Amino acid sequence: MSKKYNIVSIIRKKRDGESLSSSEIDYLIKGYTSGELPDYQMSAFTMAAYLNGLNKEESAQLTRSMLHSGIIVDLSMIPGKKVDKHSTGGVGDKLSLILAPIVASAGVPVPMISGRGLGHTGGTLDKLESIPGFQVDVDLERYKEIIDKHRLVLVGQTKEIAPADKKLYALRDVTATVESIPLIAGSIMSKKLAEGIDALVLDVKYGSGAFMKKQEDAMELGKTLVDIGLEFGKETVAYITNMNQPLGYSVGNWLEVEECIHALHGEGPEDILELSHLLSGTMIYLGGRAESVNEGISISKMQVQNGEAFQKWLDIVDEQGGDISVIRDPDSYVKAKFEFELKSPEDGYINEIDSFQIGMASLELGAGRKKKEDAVDPVAGIRLGKKLGDKVKKGETILTGYTNKPSVMETAVEILTKAVVITETKPKEEDLVSHVIDKDGIRAFEL
Ligand code: URA
């Protein structure tokens, strides 16, 4: 029989900055997964881990214990290298919905397990569920059946796949314990290693809308994630990308799906297309369908131009129970009952868009959760009229907010007014992608 520990002593050790043994971490994760350890004790542990950190060995053990809280899916019956992508989280980050159909349509199987909104950031599952009827909860047999049929599956964790992360993710979301390198690494890598992949592409974000505000912290997180992936024998590539403004123009679940539909028709926005093609090009390369990332990018662009990526998107929405009529005709989707505009108080340039605040305002409008059991409103959110560096005239619309809850509009406007800074001079343009990390280490990004 495995050793029993006193949970309070484990929490106290971490609270006091001591290191935990591998079996203590394993005991904690097993207890939480089985339901023996209550949320309040796990919350105390995650806060202690957030404040005092975990060393390399503790961090590796956390990932291992979370991974082995469920099964590791065997997808060997599906031909080809299976490749997935994961982002560390951002505002308006809808890229998974664009690149997954692109890559699958190019012949590379993508078994994608995603999460819900976390803190101020949106989640792929909430976006998918804004499509009427779309089922993200499937069992393992159905998971395998869908990927076999379409080379693509877009789901949440099943009860078999990294169940520890499913519970911990929801708990961290509402206990202010998200922004921690070991907790993020354990969360991402446990579910990605469990889903049956051969290779992984990571979008590691820094900036106002990311969990890592500083570029060097994102680089440390990226290196941690890549090292874990390589240790488990998976080809892993991470890009360090800029999140100092939302990606694209839309923030909020259906609003983002709508923007993805346009992107899959090749109709911008520019930043979204650029990053989607880089990530999908890398996936196509790692999946063995291109000789280089550059060739992968060309294939990715072609899959959008020839309509195959959009067709794959329609097929997967249909297969997972979603209503494809709204994908074909996004204008037919139900609208939010209330909307408001934020106008520019002066002439100038958009110098700053605090993406964290944009995410918080969107959550306030109904697009995210304040408690684990909160429902999200698919039509709530924000549509930007301007991006960083754009010229703006006094009285021009900077953004529009959408909600079904008029009572939250005042708070949202208050947050948004402080989120946008206008100056007389145009700000310096920032690179969208700064570094790449892979088995050869970390280097400045260039194509
Ligand atoms: N994405 C995840 O899956 N987990 C985190 O903790 C953060 C981003």
Side-chain angles (χ1 to χ4, degrees), residues 29 32 42-43 45-47 49-50 53-54 58-60 62-63 65-67 69-70 84-97 99-100 110-128 136 154-158 161-195 197 200-207 209-213 217-226 228-229 234 236 238-241 243 247 256 279 355-356 359 363 368-369 372:
I29 296 298
Y32 189 54
M42 199 58 181
S43 307
F45 171 75
T46 50
M47 185 55 84
Y50 174 93
L54 299 182
E58 289 174 302
S59 177
L62 180 75
T63 308
S65 298
M66 289 173 71
L67 169 64
S69 66
D84 194 10
K85 164 263 174 187
H86 200 82
S87 155
T88 57
V91 177
D93 182 3
K94 56 207 61 101
L95 301 190
S96 289
L97 302 189
L99 58 86
V110 182
M112 187 176 274
I113 295 183
S114 307
R116 298 195 175 277
L118 193 60
H120 64 284
T121 69
T124 301
L125 296 184
D126 295 327
K127 296 177 221 246
L128 288 169
V136 297
L154 300 170
V155 290
Q157 276 136 304
T158 68
I161 300 173
D165 180 54
K166 188 171 178 159
K167 286 188 81 176
L168 258 173
Y169 190 95
L171 187 74
R172 286 167 57 224
D173 185 25
V174 291
T175 53
T177 52
V178 175
E179 300 92 333
S180 142
I181 291 179
L183 297 182
I184 295 177
S187 165
I188 293 181
M189 296 312 282
S190 62
K191 60 181 167 269
K192 296 286 124 175
L193 293 169
E195 64 187 13
I197 49 166
L200 179 63
V201 176
L202 294 156
D203 182 0
V204 182
K205 302 204 168 289
Y206 70 90
F211 293 124
M212 300 294 118
K213 303 296 173 209
D217 291 340
M219 280 154 73
E220 188 186 332
L221 173 59
K223 180 88 177 65
T224 307
L225 294 167
V226 170
I228 296 173
K234 313 290 173 195
T236 311
Y239 292 103
I240 307 297
T241 70
M243 194 12 87
L247 269 171
E256 295 190 41
L279 299 172
S355 316
F356 172 78
L363 189 150
R369 294 176 188 79
K372 275 206 300 189

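These numbers come from a predicted model, not from an experiment. Atoms within a ligand are numbered from 1 in the order they appear, just like the ligands themselves.
- If you look at D165 next to ligand 1, there are no close heavy atoms at all, none under 4.0 Å.
- Between D84 and I113 the shortest side-chain heavy-atom distance does not fall below 4.5 Å.
- Judged purely by atom type and a 3.5 angstrom limit, K85 has no side-chain atom pairing as donor or acceptor with the backbone of M112.
- Residue contacts with ligand 1: K191 is placed with a nitrogen or oxygen under 3.5 Å of a nitrogen or oxygen of the ligand (distance criterion only).
- The contact set between ligand 1 and I188, taken as ligand atoms under 4.0 Å from a residue heavy atom, comprises 1 (N), 2 (C), 3 (O), 4 (N).
- For the side-chain contact (heavy atoms from CB on, under 4.5 Å) with V136, the lone residue among L125, L154, D126 that qualifies is L125.
- Between T88 and L225 there is a side-chain heavy-atom pair separated by less than 4.5 Å.
- Within the 4.0 Å heavy-atom shell around ligand 1 one does not find V178.
- Residue contacts with ligand 1: Y169 is placed with no nitrogen or oxygen under 3.5 Å of a nitrogen or oxygen of the ligand (distance criterion only).
- Side-chain contact between S43 and L171 is present, with heavy atoms from C-beta onward closer than 4.5 Å.
- In terms of protein heavy atoms, atom 7 (C) of ligand 1 is closest to L118 CD2, 3.5 Å.
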key: CA sep, side-chain torsions, deciding dist, call: D165, S190, side chain to side chain donor-acceptor pair (under 3.5 Å)   = CA-CA 7 Å; D165 180 54; S190 62; 4.8 Å; no
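- When all heavy atoms are compared, the tightest approach of R116 to Y169 is O-OH, 2.6 Å.
- Below 4.0 Å from some heavy atom of T88 lie the following atoms of ligand 1, by number and element: 7 (C), 8 (C).
- Atoms of ligand 1 found under 4.0 Å from any heavy atom of S187 (numbered from 1 in listed order, with element): 2 (C), 3 (O), 4 (N), 5 (C), 6 (O).
- If you check which protein heavy atom lies closest to atom 1 (N) of ligand 1, you get H86 NE2, 3.4 Å.
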